Amino acid sequence: IENTTDIITILEADGSIRYESPSIERILGYKPEELVGRNAFEFIHPDDVARIRKIFTEGLVRPGCIDSGEYRFRHKDGSWRVLEGIGKNVLEDPAVRGIIVNSRDITERKRMDEALRKVQQQQRALLDNIPDMAWVKDKQSRFIAANEAFAKALGCTPEKMVGKTDFDFVSRELAERYIADDKQVMELRQHQRIEEPFVDTAGNRTWIETIKSAFLNDQGEVIGTTGVARDITVRQQMNQALRTSEEQYRTLFETMREGFALCEIIWDADGKPCDFRYLEVNPAFEKILGITRSQAIGKTAREIFSPVEEYWIEIYGKVALTSQPTRFEHYLRAADKHFEVAAFSPKRGQFAAIFSDVTGRKQNEERLRLQSTALEAAAIGISLTDSKGTILWVNPAFTKLTGYTAAEAIGQNMRLLKSDKHDESFYRDLWQTVNSGKVWQGDIINRRKDGSLYDEGMTITPVCDERGESTYFIAMKQDI
């Protein structure tokens with residue numbers, strides 16, 4: 001007992017401590033004599049006391065019983081450590097006449113478990129918020145994970161897909177094709193972009209563009225594949241329309257919300273692309289660019305959009321020459337707009353472009369960048385914390401005001417500025433206000449990094465989630 005790495009405690013029936021093993025000092029900072037005679041429940045976290053007391057009380061009436069539980073115990077330095085305790089009632093044993101509790105510090109394990117849980121939640125949230133179908137397979141092409149979009153298409157849930165293969169969801173012909181692709185990707189150790197058919201649970205046959213990649217373990221060994229698939233049925237239908245009938249093509253062509261243009265590349269004397277001519281455009285092209293079909297057909301890009309940026313010609317020329325499809329975003333100065341473009345080649349020397357106006361999104365991104373710059377440059381100190389007061393971000397003015405750099409402040413609790421010049425009721429009222437979703441504003445005395453005190457006017461604004469609960473706090477601080 002004297003040399004055990006765990007904490008051995010003997011308690012009286014009322015919870016008072018009769019004995020503590022020497023290991024208590026190494027784990028919790030107390031010398032055994034500092035705790036002997038004190039009641040153990042004094043050191044247990046208030047939120048855990050009722051639960052642990054219930055276990056303790058129930059065990060008192062069952063001689064010889066063994067109970068276990070996890071609880072937070074106050075370290076001598078004031079922090080809380082998570083202990084896993086196993087207690088045995090030996091009150092009737094003349095040699096002991098007490099409750100023996102064997103406790104082990106599992107704080108780091110709990111912290112690691114929580115960190116892992118958060119990572120898994122983030123990964124799952126990321127996977128499920130991908131609009132495309134996504135999955136992960138092991139080396140035997142068994143599903144390890146799948147997102148909601150993919151599982152729904154197969155009439156299943158992500159959880160029920162784990163351990164199964166393509167043979168459980170699609171025809172044998174498609175399953176063999178998909179698994180052959182997996183094997184090729186693992187052999188080449190390169191990602192591949194594959195266009196292939198897909199049949200969902202309702203029997204709808206579509207076309208998907210799948211990007212498959214091999215993934216490796218720490219030893220560099222291939223242990224499986226990842227896949228992301230996007231429905232490209234519209235694009236395939238367009239290609240089919242161009243190859244078959246103008247009537248079928250026109251129906252799809254004219255109902256698209258995205259702009260569409262079919263063009264041929266113009267080459268210079270050296271065989272390099274120098275311009276392109278419009279062969280066909282759809283109504284969305286006219287609406288987005290403000291150019292009618294009659295103004296576009298037969299004209300070149302340099303004639304319509306003079307001057308035209310060279311990168312448009314370079315990208316489209318490469319697509320028309322290599323038949324390799326591409327996706328990109330670029331700015332067209334003549335239209336003063338940003339576009340997201342998917343380009344492919346229906347035949348050599350030609351390309352088709354499907355495009356959307358993303359100017360609004362780009363402007364929002366720029367606005368956010370400017371707002372971020374403004375916050376960084378603000379003359380007043382600004383900090384962002386989570387609901388527990390842990391600092392997530394500070395601006396340079398915060399550093400100037402408090403003396404703490406961003407690296408020193410981030411991850412710390414706002415208590416690091418506490419001056420002890422206010423009583424507990426002051427802070428209780430502050431937290432009650434912001435936790436109720438209201439703005440708190442007032443003057444406060446805080447302590448800088450160098451220990452000096454200063455008066456500041458502070459406004460704390462809560463950021464609430466959809467349930468109205470405060471999840472983040474923005475504090476604006478000014479030296480007064």
Side-chain angles (χ1 to χ4, degrees), residues 109-240 325 327 340 342 344 465-467:
R109 189 185 78 192
K110 296 291 286 187
R111 186 176 293 121
M112 291 294 292
D113 288 346
E114 178 62 17
L116 179 61
R117 184 186 67 81
K118 288 183 178 179
V119 169
Q120 290 172 336
Q121 284 182 336
Q122 292 169 351
Q123 291 175 339
R124 170 51 62 184
L126 179 63
L127 196 63
D128 284 339
N129 281 285
I130 296 174
D132 300 329
M133 298 183 291
W135 63 88
V136 182
K137 295 180 181 179
D138 65 15
K139 201 170 183 179
Q140 286 71 45
S141 288
R142 294 176 298 214
F143 290 106
I144 299 173
N147 70 349
E148 290 284 352
F150 186 45
K152 184 178 180 180
L154 294 175
C156 195
T157 64
E159 295 75 19
K160 290 183 179 179
M161 288 189 66
V162 175
K164 296 182 179 180
T165 70
D166 292 300
F167 287 103
D168 296 301
F169 302 105
V170 297
S171 68
R172 184 175 188 85
E173 177 187 358
L174 285 180
E176 289 176 345
R177 179 172 179 169
Y178 296 160
I179 291 174
D181 292 339
D182 295 340
K183 291 179 179 178
Q184 186 176 28
V185 167
M186 287 188 285
E187 288 173 3
L188 297 176
R189 295 192 174 206
Q190 295 177 346
H191 75 270
Q192 288 193 354
R193 190 183 298 267
I194 307 162
E195 293 186 2
E196 52 197 359
F198 179 77
V199 181
D200 64 20
T201 185
N204 298 314
R205 188 179 181 87
T206 59
W207 279 87
I208 56 176
E209 180 182 65
T210 304
I211 300 175
K212 289 188 175 182
S213 305
F215 71 93
L216 316 178
N217 61 15
D218 294 339
Q219 288 73 46
E221 302 167 333
V222 175
I223 57 174
T225 60
T226 63
V228 178
R230 174 171 294 179
D231 188 337
I232 58 167
T233 306
V234 173
R235 192 174 82 196
Q236 287 286 20
Q237 288 172 344
M238 184 175 297
N239 287 336
Q240 180 64 27
R327 301 179 73 90
E340 180 181 39
F344 61 97
D465 60 18
E466 63 276 5
R467 296 172 297 180

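As the structure is a prediction and not an experimental result, all values here were calculated from the model.
Among residues two or more places apart in sequence or in another chain, the side-chain hydrogen bond (donor to acceptor under 3.5 Å, both in side chains) test is passed with E221 by N217. Here D138 pairs with R142 under the salt bridge (charged side-chain N to carboxylate O under 4.0 Å, His left out) rule; sequence neighbours left out. Contacts of E176 classified as salt bridge (charged side-chain N to carboxylate O under 4.0 Å, His left out), with partners at least two apart in sequence or in another chain: R172. Among residues two or more places apart in sequence or in another chain, the salt bridge (charged side-chain N to carboxylate O under 4.0 Å, His left out) test is passed with D181 by none. Looking at residues two or more places apart in sequence or on another chain, you find a side chain to side chain contact (heavy atoms under 4.5 Å, CB included) between K160 and C156, T157.
Contact detail for A175 and V170: the closest heavy-atom pair is N-CG2, 3.7 Å. The two atoms that bring P158 and A146 nearest to each other are CB-O, 3.2 Å, heavy atoms only. Closest approach of F167 and I179 over heavy atoms only: CE1-CD1, 3.3 Å.
By the 6.0 Å contact criterion, CD on Q140 is enclosed, its count of non-hydrogen atoms from other residues, nucleotides or ligands being greater than 12.
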Only pairs under 3.5 Å count here: list side-chain donor-acceptor contacts from residues 187-199, not counting sequence neighbours, and write none if there are none.
residue	atom	partner	partner atom	Å
R189	NH1	G220	O	3.0
R189	NH2	G220	O	3.2
R193	NH1	E209	OE1	3.4
E195	OE1	Q236	NE2	2.9
E195	OE2	R235	NH2	2.5
E196	OE2	T210	OG1	2.9

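Taking the six-membered ring wherever Trp is involved, the centroid distance between the rings of Y178 and F169 does not fall below 6.0 Å.
Using modelled atom types, one finds a donor on one side chain and an acceptor on the other under 3.5 Å when comparing D182 with S141.
Looking only at distances, a side-chain donor or acceptor of T233 sits under 3.5 Å from a matching main-chain atom of W207.
Between D166 and K137 there is a salt bridge, with a side-chain nitrogen of the basic residue lying less than 4.0 Å from a carboxylate oxygen of the acidic one.
Atom-to-atom distance recorded for K152:NZ and M133:CE is 12.5 Å, nearest 0.5 angstrom. Here the CD1-CD1 distance, from I144 to I223, works out to 7.0 Å after rounding to the nearest 0.5 Å.
Side-chain contact between D132 and N147: absent, with no pair of heavy atoms (C-beta onward) separated by less than 4.5 Å. Side-chain contact between W135 and K212: present, with at least one pair of heavy atoms (C-beta onward) separated by less than 4.5 Å.
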